[in-house]
Amino acid sequence: METTSFYEQVYAVVRLIPRGMVMSYSGVARQCGYPGRARAVGYALHATPPTGRIPWWRVINAQGRLSIPNNEISSLQHDKLIAEGVQVGEDLRVNMRIYDGEMIVYEKIRLKRKT
DNA sequence: CCAATGACCGTAA
DNA sequence: GTTACGGCCATTG
């Protein structure tokens, strides 16, 4: 499996997502320095080792939906997010207006969080 | 090397 | 607001 710099980058960025926040695949790709490789990010996360060290559940698609086709895993992600205080709709939807951590700028996030 | 696959995105209707 | 298409690109067979 080697370093696979791309994987490393992706994991590093995902690990930086604060608790109670979410980020889109494209956002992760951009933070990695690879804009436009959102799809590859998705692939990388799919290959994420179950070490539990990587908060993969905080990564969702740009439409605020949980893009995991597998029902079991998607429900798991749903529970994880709920446990962190992220409000997920019944249709597996998240309000990106509030929980978007695109820039990983904590102050900005806090500003957005009001009520 | 080529073809198929996929936890996606942006734009258009 | 939503659905449908084409285009990304890394990984696997």
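Sequence lines set the chain letters: A, B, ... in the order given, protein chains first and strands last, and positions in each chain run from 1. Worth saying up front: this structure is predicted, and the values here are computed from it rather than measured.
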Atom-pair distance (CD1 on I68(A); P on dA7(B)), nearest Å: 9 Å

Nucleotide dT11(C), atom C1' - distance to CD of E8(A) in whole Å: 16 Å

OP1 or OP2 of dC8(B) under 4.0 Å from side-chain N/O of S26(A): no

For the NE2 atom of H78(A) and the CD1 atom of I68(A), what is their distance to the nearest 0.5 Å? 12.5 Å

Nearest-angstrom distance from the residue atom CE of M23(A) to P of dC8(B): 16 Å

So which heavy atom on A47(A) is nearest to which on Y7(A), and how close? CB-OH, 3.6 Å

Expected rows: protein N/O vs nucleotides 6-10 of chain C N/O, under 3.5 Å:
| from | atom 1 | to | atom 2 | distance (Å) |
| --- | --- | --- | --- | --- |
| dG7(C) | O6 | R39(A) | NH1 | 3.3 |
| dC8(C) | N3 | R39(A) | NH1 | 2.8 |
| dC8(C) | N4 | R39(A) | NH1 | 3.3 |

Does any non-hydrogen side-chain atom of W56(A) lie less than 4.5 Å from one of Q77(A)? yes

Just how far, in rounded Å, is C1' of dC9(B) from CD of Q31(A)? 17 Å

Is any side-chain heavy atom of I60(A) closer than 4.5 Å to one of S67(A)? no

Counting N and O atoms only, with roles assigned by atom type, does the side chain of R37(A) sit under 3.5 Å from a partner on the main chain of P35(A), one being a donor and the other an acceptor? yes

Length of the NZ-C1' vector between K80(A) and dA7(B), whole Å: 16 Å

Provide, to the nearest angstrom, the distance between the CD atom belonging to Q9(A) and the P atom belonging to dT11(C). 13 Å

Are R58(A) and R19(A) close enough that some pair of their side-chain heavy atoms sits under 4.5 Å apart? yes

If I take atom OH in residue Y25(A) and atom P in nucleotide dG10(B), what distance separates them, rounded to the nearest angstrom? 14 Å

Looking at side-chain heavy atoms only, is the closest gap between I54(A) and R15(A) below 4.5 Å? yes

Are V13(A) and V41(A) side-chain neighbours, meaning at least one heavy-atom pair lies under 4.5 Å? no

Taking every non-hydrogen atom, the tightest pair across A29(A) and A38(A): CB-N, 3.9 Å

CG of L92(A) versus P of dA7(B): gap in Å, rounded? 15 Å

Among dT2(C), dA7(B), dC8(B), the one nearest any side-chain atom of R93(A) is dT2(C)

In residues 55-63 of chain A, which residues come under 4.0 Å of DNA chain B by heavy atom? W56(A), N61(A), A62(A)

